[in-house]
Amino acid sequence: MTTSLNKPPLASGPGSFGDRRGGGRTPTAPGGTRRAGKRGGRTGYAFVTPLMAVFALFYLWPVVQSVLSSFFTWGLLRPWNLFDRSTWQFAGLANYRRTLSDPDFWHAGANSLLWLVLFPLLVVGISLVMAVAIWHARRWSVVFRTVFVLPMTISLAAAGVIWSFVYNPDAHIGVLNAVLKALHMQGTLDVGPLHLKTTGQWLADPGTLNLGFYDLRLVNVFVIIAAAWAFAGYGVITFSAGLASLPQELVDSARVDGCGPLQVVRHVIVPHLRQPMRIVFVVSVIFALRTFDIVYVMTSGGPGTDSTVLGLLPWQEAFAFLTSPQAGQAAAVAVLMSAVLILLGFPYLKSMLPRKESR
Amino acid sequence: MRLMTRRHARVTTGVATALLLSTVAACAGSGGSAPSSGGKIEGKLRVLSNWTGSEGDAFKQVIKGFEAKHPSVKVQIETVPFEQGQALLTQQFAQGSPPDVSVALPGLVRTFSQQGLLMNLDSSWDKWVSGGEYTPSVRDMAQGLDGHTDAVLFKGNVNALIWYNPKQMAKLGLSVPHTWAQFTSVLNAAKAKGVTPFAVGGKDQWPLTQWTDSILLRVAGATAFNDLARGKIGWDDPRIVKSFRVFANMIRSYFPSTSLSSSFTDATCGRVAGKFLFENQGAFINLVDPQECGTNLVPGKDLSFFEMPAYGSAPAPQFVSGDLFMGAKASKHPAATRALLEYLASPQAQEIWAKIGGYVAPNAKVPASAYPNVNDRNAAALWPKNPSQRAGYDLDDWIGGEIQVKYEQALSQFVRDSDVDAFISKMKQIDTRSHQ
């Protein structure tokens with residue numbers, strides 16, 4: 001009789017290492033296999049339990065609390081407490097109704113939408129170009145890669161400060177305005193619905209894009225450019241890793257077939273980097289929706305609310321609007337943002353999870 | 001003073017709201033039991049302030065004076081940037097471990113006072129007002145809507161001062177205006193000579209509120225100004241609308257194109273460098289200019305001010321602001337806390353900073369001779385010491401909270417668009433107190 005003792009502890013099921021070592025025998029004692037499976041399962045749970053406990057305590061529990069707190073009216077001076085009924089002032093869906101009927105929420109949503117569209121495109125575009133250029137320039141590739149990845153090592157808040165100097169309206173301080181002044185390119189540019197002012201007020205009044213139903217102020221565009229600069233290093237690393245696995249034979253054969261450099265990029269490199277591009281794109285989307293620090297440092301959401309994004313709203317509701325107890329509404333905004341993030345991040349998660357192989 | 005502290009670099013808090021909200025303990029009522037204010041004046045006090053640099057040093061000197069007076073008390077000063085102060089205080093009060101004494105603006109004092117978290121100072125104020133140290137209108141600044149006063153006024157500031165370089169004025173052949181007509185005439189003359197009339201640091205938002213308050217007090221008057229602050233009238237009141245029409249004309253005619261992209265420091269140092277003729281700011285400029293712009297300026301010769309002229313025939317009410325200190329009811333050393341608050345309101349404490357400079361003492365008993373230079377002396381002379389003198393306290397600082405934040409945002413848009421109707425309409429949506 002084959003007992004469980006004859007099997008390696010982690011081997012279970014047909015086709016496993018244990019089966020092969022046994023000369024391809026099929027399990028003859030289902031009961032023993034089941035016991036081994038149970039023990040293997042228990043061992044697996046033992047490994048996972050500490051991590052799950054940390055996850056549940058420090059991530060899941062605060063999330064549950066935040067979601068629950070969004071159904072109550074409360075402020076930081078009178079905090080809601082799940083275990084203290086005296087702090088419960090049930091609001092039902094009122095916080096969500098208020099949030100969804102607040103013009104500021106939709107205005108911030110429109111600004112976040114601009115981030116969602118422009119930021120991933122810029123990050124993917126810039127980092128792809130840089131990664132391919134580094135891949136081509138093999139001689140100095142380490143130096144170039146270091147230079148392009150360096151911005152990623154500083155915090156976004158610091159990047160915001162650096163770019164605030166770049167955009168400074170005084171041409172003696174702001175590099176961008178100094179260049180434009182030297183080139184005599186300061187003025188206004190009207191191209192269709194785009195009204196761009198190159199007068200140097202990049203973070204104050206750089207112009208508008210008329211969408212017919214809505215005048216999109218361009219301040220956010222210049223904050224997004226700064227964020228993309230800081231974030232592009234992540235794309236460069238990811239694409240460089242992808243390019244490292246690109247078989248040279250594939251490139252050589254494309255060249256033999258008469259492909260020029262651009263055609264090699266289009267028909268060989270880009271298809272090869274499809275998966276890394278998806279990863280960089282989705283991570284950029286997630287970052288774009290929850291962006292806070294660089295906006296706060298560069299414009300604080302201003303002038304007025306021109307660059308206010310959704311990530312700023314919960315902070316304002318909870319901390320700046322202290323006179324009215326709106327922490328519940330802040331939680332509602334956070335929950336809505338999380339829901340959108342999960343929906344947008346789902347394709348990424350799905351692509352990252354290992355697929356079950358069909359028999 | 002908020003006007004000084006807001007120039008500190010903004011630093012991102014970077015704390016996830018969900019986590020933060022979930023970690024705030026349910027201890028808001030910890031200040032509910034009022035400890036006796038009697039007992040020995042001793043213990044270790046935590047004091048929260050937001051002054052750094054030479055202002056921070058000046059405040060330390062003031063605190064040293066207290067420790068010398070009460071050797072059994074040790075004071076630990078904690079300095080936080082203004083922008084973080086409100087959030088930090090809220091967390092600490094909610095957790096039941098507030099600083100014993102903390103600097104605050106009227107809006108925040110009222111919020112904490114309504115929650116019963118502050119030490120009541122009515123009896124002290126009664127004594128100070130009857131003794132002529134403070135006027136009732138100054139007391140109003142620290143007073144809540146319930147009639148109680150739970151804070152002391154430590155550092156005063158006089159606003160609506162037009163700062164300029166007398167040498168630049170003389171070079172341009174211009175003289176100090178005394179009426180609104182003369183004022184606009186000087187502004188037009190400066191423009192004609194190629195000098196931008198005003199330095200405006202609107203990127204920091206608060207400098208724009210200096211403008212609205214100055215003009216509101218001159219055009220609408222002190223009564224309408226104070227009624228607006230307390231929500232007794234709405235933003236569509238004709239006196240308020242007229243004020244913003246005057247302001248819109250000022251923006252269109254005399255504001256630089258960099259109004260919203262220049263910070264306070266950029267603007268003020270730009271004026272020192274001669275790029276702009278005037279700057280509408282508070283008395284603290286006398287300390288800020290030499291510090292921030294790295295220039296040796298002789299007060300009165302290189303740097304002087306005049307009051308923004310009255311708009312009509314009536315004299316302009318004084319536009320003041322200042323920093324309050326509040327004491328936590330939950331303090332473990334209530335006697336020492338009260339003693340420190342009373343000390344900060346006293347002429348002895350305020351005279352220490354007055355002698356250092358860049359300071360306006362709110363206590364009327366501080367002698368003019370304490371001030372080190374002509375600008376400080378002239379600014380201090382404008383502080384309302386006479387009970388009949390009309391004054392308005394910084395509008396948005398007084399209101400505080402959500403309305404303050406949204407008002408400053410709307411003001412930036414107003415400076416960009418100069419659209420009075422859109423601004424008034426927006427403010428009616430933001431501030432609904434007059435309809436309630």
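Heavy-atom basis, side chains included; hydrogens, waters and symmetry copies ignored. The sequence lines fix the lettering, A, B, ..., with proteins before strands; numbering per chain opens at 1.
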Item to check | Proximal to chain A - members of residues 250-260 of chain B, heavy-atom separation under 4.5 Å | outcome: B:Ser257, B:Thr258, B:Leu260
Calculate, to the nearest 0.5 Å, the distance between atoms [atom1] and [atom2] belonging to [X] and [Y] respectively.
X: B:Lys203; Y: A:Ser164; atom1: NZ; atom2: OG; value: 4.5 Å
X: A:Asp104; Y: B:Gln409; atom1: CG; atom2: CD; value: 7.0 Å
X: A:Thr305; Y: B:Lys426; atom1: OG1; atom2: NZ; value: 5.5 Å
X: A:Gln316; Y: B:Glu402; atom1: CD; atom2: CD; value: 9.0 Å
X: A:Asn168; Y: B:Ser263; atom1: CG; atom2: OG; value: 8.0 Å
X: B:Arg416; Y: A:Asp306; atom1: CZ; atom2: CG; value: 4.0 Å

Checklist entry - Which answer fits A:Met337, side chain, backbone, both or neither, if we ask what part of it has an atom under 4.5 Å from a heavy atom of chain B? => result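 No part of A:Met337 comes within 4.5 Å of chain B.
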Checklist entry - In terms of heavy-atom proximity below 4.5 Å to chain B, should A:Pro169 be classed as side chain, backbone, both, or neither? => result side chain
Next on the checklist: Quick check on the interface: out of A:Gly304, A:Pro303, A:Pro103, A:Ala204, who has the most heavy-atom pairs with chain B under 4.5 Å?
Outcome noted: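 Maximum pair count with chain B is reached by A:Gly304.
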Checklist entry - What residue, out of A:Leu156, A:Asp205, A:Thr199, has the most heavy-atom pairs lying under 4.5 Å from chain B? => result A:Asp205
Next on the checklist: We want to know whether B:Ser261 and A:Gln201 form a side-chain donor-acceptor pair, criterion being a heavy-atom distance below 3.5 angstrom.
Outcome noted: yes
Checklist entry - Would you find more than 12 non-hydrogen atoms of other residues, nucleotides or ligands less than 6.0 Å from A:His172 atom NE2? => result no
Checklist entry - Between B:Gln86 and A:Leu76, is a side-chain contact (heavy atoms from CB on, under 4.5 Å) present by the stated rule, with each step listed? => result CA-CA 11 Å; B:Gln86 177 170 303; A:Leu76 291 185; over 6 Å; no
Checklist entry - For A:Phe55, what residues pass the ring-ring contact (aromatic ring centres under 6.0 Å, His included) criterion, not counting sequence neighbours? => result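 Scan of A:Phe55 (ring-ring contact (aromatic ring centres under 6.0 Å, His included), adjacent residues dropped) gives A:Tyr59.
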